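So the structure is just underneath, and the comments pick up after that.
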Number of protein chains: 2
Amino acid sequence: MTTNKSRSRGRPRRFDPDAAVVTAQQLFHARGYDAVSVADVTDALGINPPSFYAAFGSKAGLYQRVLDHWTGTAAIPLGDILRPDVPVAVALAAMLEEAARRYASGPAAGGCLVLEGTRCSDEDAREAARALNLGAESFIRDYIAARHPDAANEVTDFVATTMSGLSAKARSGHDLPRLLATARLAGSALEKTLSA
Amino acid sequence: MTTNKSRSRGRPRRFDPDAAVVTAQQLFHARGYDAVSVADVTDALGINPPSFYAAFGSKAGLYQRVLDHWTGTAAIPLGDILRPDVPVAVALAAMLEEAARRYASGPAAGGCLVLEGTRCSDEDAREAARALNLGAESFIRDYIAARHPDAANEVTDFVATTMSGLSAKARSGHDLPRLLATARLAGSALEKTLSA
DNA sequence: GATTTTATGTAGTGCTCACTACATTAATAA
DNA sequence: TTATTAATGTAGTGAGCACTACATAAAATC
């Protein structure tokens with residue numbers, strides 16, 4: 001007998017939506033929201049469109065599920081990296097390096113799923129990604145403001161801009177060493193600015 | 001009698017392709033290559049699709065014409081900014097500030113036409129933009145290498161990444177003061193790195 | 001003014017997209 | 001086993017896309 005792992009409730013399903021989210025996350029991350037069609041997803045999952053729409057409602061609905069899953073598994077753990085017991089500049093530099101590592105074009109060549117999502121053409125998906133990104137930036141801003149209130153806004157903009165650039169360059173072919181060197185150079189600017 | 005300004009040769013035309021390129025440049029810059037349809041262009045010009053295709057061959061063909069016009073009119077004048085008689089870090093900082101000014105969301109809210117073009121879904125248009133961008137990066141790299149050969153690669157990557165980030169943030173709503181502050185912070189990192 | 005050339009307007013091509021109506025099959029409940 | 005419920009497969013919908021065939025109108029040439 002084939003066991004059906006992870007049924008969300010008593011209601012049985014023929015395919016596993018959670019596994020579908022993982023597959024979809026890989027597709028979206030590798031090729032971007034716009035470039036992945038619903039047909040691509042249904043083909044990858046071996047299902048037909050009605051099953052897809054019964055489970056997710058729409059392409060943007062699937063993307064929302066992917067973002068939810070991503071925050072729990074693949075997002076940079078800001079709470080761990082932005083520690084109160086290290087200098088702010090050191091913590092931010094570590095964050096940029098971690099971003100470089102995660103954006104580097106490995107097997108799935110992708111940049112940041114969220115930052116790239118904020119640039120897609122579908123309004124619902126774009127706003128969902130933007131909301132997530134704004135939340136992360138607020139977290140960073142609050143962290144900086146606790147010890148450097150006057151510099152919080154511009155330093156947040158700087159690291160956010162650097163991360164957007166790193167994601168774009170990862171997508172356009174920069175490999176890990178190049179991204180890391182860029183992240184470190186950006187990090188060195190922080191130590192100078194925040195040493196007041 | 002209505003005078004037909006700027007006919008490219010003895011052959012008369014009912015509409016002016018040069019003016020069409022200017023209009024198309026505004027559309028592409030404001031909304032991005034993918035988001036502008038051929039119908040948008042023909043509507044804006046008051047012409048019909050056959051006239052469009054007789055003049056430009058394809059949507060990517062029009063984009064190539066737009067890029068050509070852009071290099072002659074709207075591109076950052078790297079040759080003027082990257083002067084041999086000022087410190088490299090100062091010149092690069094000036095370039096980043098000029099980028100911030102040009103990317104700032106004015107009436108056409110747009111970032112960099114070329115950097116944004118490198119991210120579009122049409123292969124021909126994307127490669128045309130990438131070629132232009134790679135040329136600019138080579139120019140910057142050569143400028144740096146003349147006086148700081150060991151740092152040329154990583155400093156070029158850093159300024160290119162910063163410019164990509166500035167363009168992305170311009171598109172997502174950062175106004176001129178925010179972009180300028182970010183550019184200046186990035187510029188300060190260069191003075192430190194290149195002061196050896 | 002007649003003829004040839006060139007540009008235009010009308011109308012449509014085939015394609016891909018996100019999304020769906022409906023009949024059918026499979027799993028559950030009685 | 002039978003009745004009910006739920007998920008699936010087949011096959012399509014309409015909309016938007018880049019692009020074009022073809023007949024017509026306007027210039028240019030003679």
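In the text below, chain A, chain B and the rest are named by the order of the sequence lines, each starting its count at 1. A quick note: this is a predicted structure, and the numbers were derived from the prediction, not measured. Excluded from the calculations below are hydrogen atoms, water molecules and symmetry mates; all remaining heavy atoms, backbone and side chain alike, are included.
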- Task: Using a cut-off of strictly less than 4.0 Å, decide whether A:Y53 has a side-chain nitrogen or oxygen near OP1 or OP2 of C:dT20.
- Result: no
- note: A:K59, atom NZ; C:dT20, atom C1'; distance rounded to Å ~ 18 Å
- Message: Just by distance, no angles: are the side chains of B:S121 and B:D34 close enough, under 3.5 Å, to form a donor-acceptor pair?
- Response: yes
- Query: Should A:S51 be listed as having a side-chain N or O under 4.0 Å from OP1 or OP2 of D:dT8?
  - Reply: yes
- Task: For B:D124 and D:dC19, give me the distance from atom CG to atom C1', rounded to whole Å.
- Result: 14 Å
- Whole Å only: how far is the CG atom of B:D34 from the C1' atom of D:dA18? 13 Å
- Query: Expressed in angstrom and rounded to an integer, what is the separation of A:D122 atom CG from C:dC19 atom C1'?
  - Reply: 13 Å
- Proximity to the side chain of B:N48 - top-ranked nucleotide from D:dG9, D:dA18, C:dT10: C:dT10
- With under 30° as parallel and over 60° as perpendicular, where do the rings of A:Y33 and A:Y63 fit, or are they tilted in between? perpendicular
- Hey, are B:K169 and A:E137 close enough for a salt bridge, meaning a charged N less than 4.0 Å from a carboxylate O? yes
- Least distance between heavy atoms, A:L96 atom then A:A186 atom: CD1-CB, 3.9 Å
- Message: Without decimals, in angstroms, what is the distance between B:D43 CG and D:dG16 P?
- Response: 13 Å
- Measure from OH on B:Y33 to P on D:dC17 and round the result to the nearest Å. 13 Å
- B:F52 has an atom CZ; how far is it from atom P of D:dT20, in whole Å? 11 Å
- Task: Figure out the CZ/P separation between A:F15 and D:dT8, and round it to whole Å.
- Result: 6 Å
- Task: Looking only at non-hydrogen atoms, find the nearest pair between A:P17 and A:F56 and report the distance.
- Result: O-CZ, 3.9 Å
- Message: Just to be sure I understand the rule, does A:V41 reach a base, reach only the sugar-phosphate, or reach nothing, if contact means heavy atoms closer than 4.0 Å?
- Response: nothing
- Toward the 5' end of DNA chain C, by each residue's nearest nucleotide, A:P49 or B:P49: B:P49
- Note on the structure: Of the candidates C:dC19, D:dA18, C:dA11, the side chain of A:S58 sits closest to C:dC19
